[in-house]
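Have a look at the structure below, then the notes.
From a predicted model like this one, the values you see are computed outputs, not experimental measurements. Order of the sequence lines sets the chain letters (A, B, ...), proteins ahead of strands, with each chain counted from 1.
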There are 2 protein chains.
Amino acid sequence: MATVSLNRPVRTDEARMDMREAIMAAARTTVQRDGYNALSFRDLASEVGIKSASVHYHFPTKPDLAEALANRYCEDMTTFLEEVSQNAKTTEAALETYVALFRSGLDGTNRMCVIGMMSAEVNALPPSVTVQLERFAQINTDWLQNVLAIKNPRMAKEKLEARALAIYASIEGAQLIARGRGGDPLLFDEIVAAYKVSGLLG
Amino acid sequence: MATVSLNRPVRTDEARMDMREAIMAAARTTVQRDGYNALSFRDLASEVGIKSASVHYHFPTKPDLAEALANRYCEDMTTFLEEVSQNAKTTEAALETYVALFRSGLDGTNRMCVIGMMSAEVNALPPSVTVQLERFAQINTDWLQNVLAIKNPRMAKEKLEARALAIYASIEGAQLIARGRGGDPLLFDEIVAAYKVSGLLG
DNA sequence: ACCTGAACACCGTTCAAGT
DNA sequence: ACCTGAACACCGTTCAAGT
């Protein structure tokens with residue numbers, strides 16, 4: 001079972017966690033919970049024990065912080081998916097773990113995928129960040145496509161690509177809708193179960 | 001063909017559009033484009049030609065405005081779906097029109113469903129608004145369930161309910177992902193096409 | 001290298017005051 | 001009934017100043 005690091009602070013190695021990492025850890029949690037627009041440099045500063053002007057030393061502007069967050073999120077997702085590919089015993093188990101990642105943020109604290117959140121808030125973000133949204137989608141669909149190819153060796157590549165994209169979009173949607181209803185993980189489960197019945201996740 | 005009023009200003013009857021309606025019209029567009037957290041009473045005021053303090057006369061607080069917006073959005077959706085039910089010649093056509101509504105906001109101005117946006121920003125919203133998010137989901141799934149029941153008369157009610165919820169969540173997800181990629185309606189179409197192939201929208 | 005206080009133009013909100 | 005200016009505590013950002 002791979003570590004679900006996407007819903008943990010950016011780094012847990014407290015002993016050598018420098019200020020930049022501490023800011024990113026706090027910022028990730030806030031973005032997942034409240035969104036990028038609700039993220040305040042002053043709140044962030046008080047969380048990590050410095051003044052808001054000092055946050056600007058590490059991240060000159062708020063979009064700079066958004067870019068760093070999105071970039072790190074992509075890296076963590078890549079690592080996570082590599083671990084799943086190595087450790088999952090079946091393609092079904094790999095897909096289960098994939099879905100479980102998106103469920104895990106919801107459970108308890110009703111947090112959302114950083115990239116899903118930024119997709120909603122995309123009009124506040126410069127190209128340096130939106131390019132990371134596309135990268136994250138690519139990371140997800142590439143991995144899904146590989147898993148699906150193992151499961152359905154005779155499926156055409158175009159169809160695998162389209163199916164991978166559909167799964168990614170539908171899981172983000174399930175998370176969004178469950179989040180809107182208080183982050184109920186059982187609602188998320190219900191939606192995912194219906195995806196399976198329909199054949200989308202089959 | 002039903003009027004896609006969900007992506008128009010709240011009321012177009014300019015002659016008798018009072019200030020409250022003008023504020024709601026401007027606010028809906030801004031929420032769809034930039035989100036609730038990015039909505040500014042001062043910008044809103046200058047759009048409709050009054051001062052920000054005057055906006056508070058019509059909507060005492062920002063959550064009050066959010067509640068009015070979400071409530072009106074539910075009403076407009078109900079009207080829209082009733083029109084579709086009356087005018088669509090086949091259940092396939094009804095589903096096409098449903099999907100087209102979510103596509104229409106994206107096209108050109110990359111706007112999002114007000115309720116999908118508020119689902120992402122749910123932590124900023126009081127219960128008076130989140131109850132409207134649940135109401136909107138119910139309006140959508142009730143209608144979808146009815147359409148699906150006509151199409152699949154032998155399907156069990158529980159399965160119809162689950163499928164309706166899955167379709168709603170997946171379409172919101174398609175919109176979110178397409179929005180993240182610049183609001184490309186062709187990407188939305190690609191995702192929806194894959195839903196159809198998988199059987200989810202079949 | 002890293003942090004700070006003070007200033008700037010913003011924000012939602014309140015309220016006494018206008019018509 | 002509807003609107004306003006002024007004030008409040010907030011916001012991101014800048015910058016000269018500290019260590």
Side-chain angles (χ1 to χ4, degrees), chain A residues 10-11 14-31 33-70 117-118 121-130, chain B residues 10-11 14-31 33-70 117-118 121-130:
Chain A
V10 168
R11 198 155 289 193
E14 288 178 47
R16 56 165 83 187
M17 182 159 75
D18 64 10
M19 192 50 74
R20 188 186 157 87
E21 292 296 322
I23 292 167
M24 286 184 70
R28 175 185 282 188
T29 302
T30 301
V31 169
R33 205 153 40 198
D34 304 325
Y36 169 74
N37 283 328
L39 182 70
S40 151
F41 268 41
R42 280 182 170 84
D43 289 346
L44 213 48
S46 79
E47 269 189 71
V48 300
I50 58 177
K51 297 296 173 185
S52 80
S54 306
V55 177
H56 289 276
Y57 171 78
H58 299 281
F59 303 98
T61 67
K62 212 179 154 185
D64 287 326
L65 174 55
E67 184 184 344
L69 287 175
M117 181 64 83
M118 287 184 174
E121 296 178 299
V122 69
N123 271 17
L125 301 168
S128 59
V129 181
T130 57
Chain B
V10 167
R11 198 155 289 195
E14 287 177 47
R16 58 164 83 187
M17 183 159 73
D18 63 10
M19 193 49 73
R20 187 185 156 88
E21 292 296 321
I23 293 168
M24 287 184 70
R28 176 186 281 188
T29 303
T30 302
V31 169
R33 205 154 42 200
D34 304 324
Y36 169 74
N37 284 329
L39 182 71
S40 151
F41 267 41
R42 279 182 171 82
D43 289 347
L44 213 48
S46 79
E47 270 189 73
V48 299
I50 57 176
K51 298 295 173 185
S52 80
S54 307
V55 178
H56 289 275
Y57 171 77
H58 299 282
F59 303 98
T61 67
K62 213 180 155 184
D64 287 326
L65 175 55
E67 183 184 343
L69 286 176
M117 181 64 84
M118 287 184 173
E121 296 178 299
V122 70
N123 269 18
L125 301 168
S128 59
V129 182
T130 57

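When only modelled atom types and interatomic distance are considered, B:T61 and B:D64 share a side-chain donor-acceptor pair under 3.5 Å.
Residues A:R20 and A:I23 are not in side-chain contact: their nearest non-hydrogen atoms beyond the backbone lie 4.5 Å or more apart.
Annotation: the span from A:K62 atom NZ to A:N37 atom CG amounts to 5.5 Å, rounded to 0.5 Å. Rounding to the nearest 0.5 Å places CD of A:E47 at 15.0 Å from CZ of A:R42. For the atom pair CD (A:E67) and CE (A:M118), the distance works out to 10.0 Å, reported to the nearest 0.5 Å. Note: B:L39 CG to B:T30 OG1 = 5.5 Å, rounded to the nearest 0.5 Å.
Closest contact between the side chain of A:Y57 and the listed nucleotides D:dA1, C:dC2, D:dT4 involves C:dC2.
The shortest distance between the side-chain N/O atoms of B:S54 and the OP1/OP2 oxygens of D:dC2 is not below 4.0 Å.
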Exercise for the section: Return one dot-bracket line describing DNA chain D 5' to 3' (Watson-Crick or G-U wobble pairs, both distances under 3.5 Å; ( ) same strand, [ ] crossing, | another strand, . none). Expected result: ||.|||||...|||||.||

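Panel note: side chain B:S54, backbone B:I50; no donor-acceptor pair is recorded below 3.5 Å. The closest donor-acceptor contact from the side chain of B:E121 to the backbone of B:Y36 lies under 3.5 Å.
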Exercise for the section: Classify every nucleotide of nucleotides 7-19 of chain C by which part a protein heavy atom approaches to under 4.0 Å, writing B for the base, S for the sugar-phosphate alone and - for neither, in 5'-to-3' order. Expected result: B---BBBBB----

